[in-house]
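Data first, discussion second: the structure below is written as structure tokens.
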Protein chains: 2
Amino acid sequence: MATTKEFRSKYWHPAVTVDCVIFGFDGANLNILLIQRGLEPYIGRWAFPGGFIKEKETAEEGARRELKEETGVENVFMEQLRAFSGVDRDPRERVITIAFYALVKLSDYNVIGGDDASKAQWFRIHEIPELAFDHDSILSVAMSHLKQKIQFEPIGFELLSDKFTMTQLQTLYESILEIRFDRRNFYKKMLSLDLLIPLEDKVPNTSHRAARYFSFNREKYLELKEKGFRLEF
Amino acid sequence: MATTKEFRSKYWHPAVTVDCVIFGFDGANLNILLIQRGLEPYIGRWAFPGGFIKEKETAEEGARRELKEETGVENVFMEQLRAFSGVDRDPRERVITIAFYALVKLSDYNVIGGDDASKAQWFRIHEIPELAFDHDSILSVAMSHLKQKIQFEPIGFELLSDKFTMTQLQTLYESILEIRFDRRNFYKKMLSLDLLIPLEDKVPNTSHRAARYFSFNREKYLELKEKGFRLEF
DNA sequence: ACAAAAGTGTTTGGAATACACCCATGC
DNA sequence: GCATGGGTGTATTCCAAACACTTTTGT
């Protein structure tokens, strides 16, 4: 198009990145996957995986690409939080970032955590180090978004293995919402939603009564959602 | 900084705009403020007020600036929805937009609506014309966001005058949530929240019993929110 | 048999719903 | 006095919270 070049020079074009807050659950605590920066600015500081968006990809595609490149994580639940556009959030030049959050089954990716081959590492949510850029404010938005969201959509299952015990599920909800539930009432409420499939097998090698595994009935949930059903936890 | 130029050329820099979905309430229906495009592309089509972001302003500042320039609306409740980054959403070149929504007291701005001096016009939510770009998908995100939000935060008051009747408030909630409430139960629930201040004066010149005005107790709400109180409507 | 966590039922209080009557005002 | 919408009270239903005992398993 003839006007394209003219148009490009007429308006300011900022740098745009994507960043991804990755939540994982280790059975007891909510964790965040961070990578240690190897370049200036903020060299050595921990930050969310992310990078510059490319011309032929949407923001979400970019976030998934960066996530895979930097941490090996792929095929996960991911949603946009929002854009962060503070004028001085990057010391090099002005950079606008589009932030996402992802929920991963930590057990699938435990190779990444803690080893020295990669600069990626899981951190418990209450032990997050000082972060680069404005990533702590992104984190706080991500946390409150997750808290909100889990009360109306069953996204918690994205953080658990395909089969899980009721206690694991409860601990997950308690970690995210930072409140405690009565075990018996939690059971009832969860089962009454009728979205859990009780499995035959149980947790092996326990020194007490073995807990039954459940799996999440995704098909049924989608079906109910279709009918305008509103989950409330 | 020496590296800035090098850095700028290394990564692709997209055009970035801000767009604003402006909600107003006329006493019976939820309305959206649109402007008619005077330029290609989509010349003649209706679109949200918006424009290119400037180098020294945040996205929200840009959205407020454009809003004021194009419609005269200022000092309103505004929040970011999210970024829209579809690769082909603008035919000229790739443009990423950061979408906001705003809630305005329509009575303050009725000058704008319907006259021919301006290209801005209010449209009832169920009579929205075909929109430019991907603005209908932005609208649908805005609508569902508003529905969600109003159930947990008293943002409805941003759409009403400082004083309003209970029936007006109910009609507003019904318009947004697209459900009907029992008048008596709505009264009780609203009053039980203890966030409404009953005023002395009443609606004049009615052909029936005059309705009392209320005002929203913003201070009290902020105070309660501070204490971790969770509104549920 | 005992420790430790799983699994289950009942009671109770409070909130949401459903529902009906009187009040004020203009015509 | 009547039509119109405003303002209030009560009974019922349902859901959430509080709470205790039995079961399974390994040691």
Side-chain angles (χ1 to χ4, degrees), chain A residues 26-29 150-152 154 160-161 163-175 177-215 224 228-233, chain B residues 26-29 150-152 154 156 160-161 163-175 177-216 224 228-233:
Chain A
D26 63 12
N29 292 284
I150 202 175
Q151 295 185 65
F152 301 100
L160 295 170
S161 318
K163 62 182 190 184
F164 48 85
T165 66
M166 196 59 91
T167 304
Q168 286 168 352
L169 186 60
Q170 182 179 344
T171 308
L172 172 61
Y173 271 79
E174 290 179 339
S175 304
L177 296 173
E178 298 180 288
I179 51 175
R180 313 275 300 166
F181 294 100
D182 178 89
R183 192 167 49 89
R184 296 156 290 185
N185 292 335
F186 187 88
Y187 255 72
K188 253 180 303 178
K189 202 163 172 182
M190 270 297 166
L191 290 178
S192 73
L193 296 175
D194 211 23
L195 292 172
L196 294 185
I197 303 169
L199 303 178
E200 288 310 308
D201 61 338
K202 307 192 172 176
V203 178
N205 309 321
T206 56
S207 74
H208 50 77
R209 182 170 179 173
R212 142 165 290 161
Y213 282 121
F214 293 89
S215 70
L224 287 174
F229 155 87
R230 180 164 167 258
L231 174 69
E232 166 104 34
F233 194 84
Chain B
D26 63 13
N29 293 284
I150 202 174
Q151 293 183 66
F152 301 101
L160 294 171
S161 318
K163 60 182 189 182
F164 48 85
T165 68
M166 196 59 91
T167 304
Q168 287 169 352
L169 186 60
Q170 182 179 345
T171 309
L172 172 61
Y173 272 79
E174 290 179 340
S175 304
L177 297 173
E178 297 180 288
I179 51 176
R180 314 275 299 166
F181 296 100
D182 178 87
R183 191 168 50 89
R184 297 157 288 188
N185 293 334
F186 186 88
Y187 254 72
K188 251 181 305 178
K189 201 163 170 180
M190 269 299 166
L191 290 178
S192 74
L193 295 176
D194 209 23
L195 292 172
L196 295 184
I197 302 170
L199 302 179
E200 288 311 309
D201 60 338
K202 307 193 170 174
V203 178
N205 309 322
T206 56
S207 73
H208 49 78
R209 181 171 179 175
R212 141 166 291 161
Y213 282 121
F214 293 88
S215 70
F216 174 56
L224 288 173
F229 156 86
R230 179 164 167 258
L231 175 68
E232 166 105 35
F233 194 84

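In what follows, chains carry the letters A, B, and so on, assigned in the order in which the sequence lines appear, proteins first and then strands, with residues in each chain numbered from 1.
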Query - Full working for side-chain contact (heavy atoms from CB on, under 4.5 Å) between A:F164 and A:T171 - result: CA-CA 11 Å; A:F164 48 85; A:T171 308; over 6 Å; no
Report task. Measure across A:F214 and A:P198 and return the closest heavy-atom pair with its distance rounded to 0.1 Å. Result -> CD2-CA, 3.6 Å
Query - Whole-Å distance separating the CD atom of B:E232 from the P atom of C:dG14 - result: 18 Å
Query raised in the report: What closest approach, in Å, do A:V203 and A:T206 show between heavy atoms, and which atom pair accounts for it?
Result: CG1-CG2, 3.6 Å
Query raised in the report: Rounded to the Å, how far apart are B:Y187 OH and D:dT10 C1'?
Result: 18 Å
Query raised in the report: Taking CZ from A:F186 and P from C:dA5, how many angstroms apart are they, rounded to a whole number?
Result: 18 Å
**Report entry** Spacing between A:Q168 atom CD and C:dG7 atom P, to the nearest angstrom
**Finding:** 11 Å
Query - Candidate pair A:L195 and A:L224, rule side-chain contact (heavy atoms from CB on, under 4.5 Å), full reasoning - result: CA-CA 10 Å; A:L195 292 172; A:L224 287 174; 3.9 Å; yes
**Report entry** Ring centres under 6.0 angstrom apart (A:F233, A:F186)
**Finding:** yes
Query raised in the report: If you look at every heavy atom in B:K163 and B:L199, which pair is closest and at what distance?
Result: CB-CD1, 3.6 Å
Query raised in the report: Quick one: what's the B/S/- string for nucleotides 17-27 of chain D, heavy-atom cutoff under 4.0 Å, read 5' to 3'?
Result: BBBB--BBBS-
Requested in this report: Provide the closest heavy-atom pair for B:K189 versus B:E232 in the form atom of the first, atom of the second, distance.
Outcome: CE-O, 4.2 Å
Requested in this report: Find the distance B:M166:CE to C:dA24:P and express it as a whole number of Å.
Outcome: 18 Å
Query raised in the report: To the nearest 0.5 Å, how far apart are OG1 in B:T165 and NZ in B:K202?
Result: 12.5 Å
Report task. Would you indicate what B:S192 reaches in the nucleic acid, counting non-hydrogen atoms under 4.0 angstrom: base, sugar-phosphate, or nothing? Result -> nothing
Query - Touch class at under 4.0 angstrom, heavy-atom based, for B:T165 against every strand present - result: nothing
Report task. Mind grabbing the angle between the end helix axes of the helix from C:dA1-D:dT27 to C:dC27-D:dG1? Five pairs an end, 10° rounding. Result -> 10°
Query raised in the report: Tell me: CZ of B:F181 to P of C:dC19, nearest whole Å?
Result: 17 Å
Query - Minimum-distance pair of heavy atoms, taken over all atoms of A:F152 and A:R230 - result: CE2-NH2, 3.5 Å
Query raised in the report: B:L193 has an atom CG; how far is it from atom P of C:dA15, in whole Å?
Result: 11 Å
Report task. Could you check how far OH of A:Y173 sits from C1' of D:dA16, rounded to whole Å? Result -> 17 Å
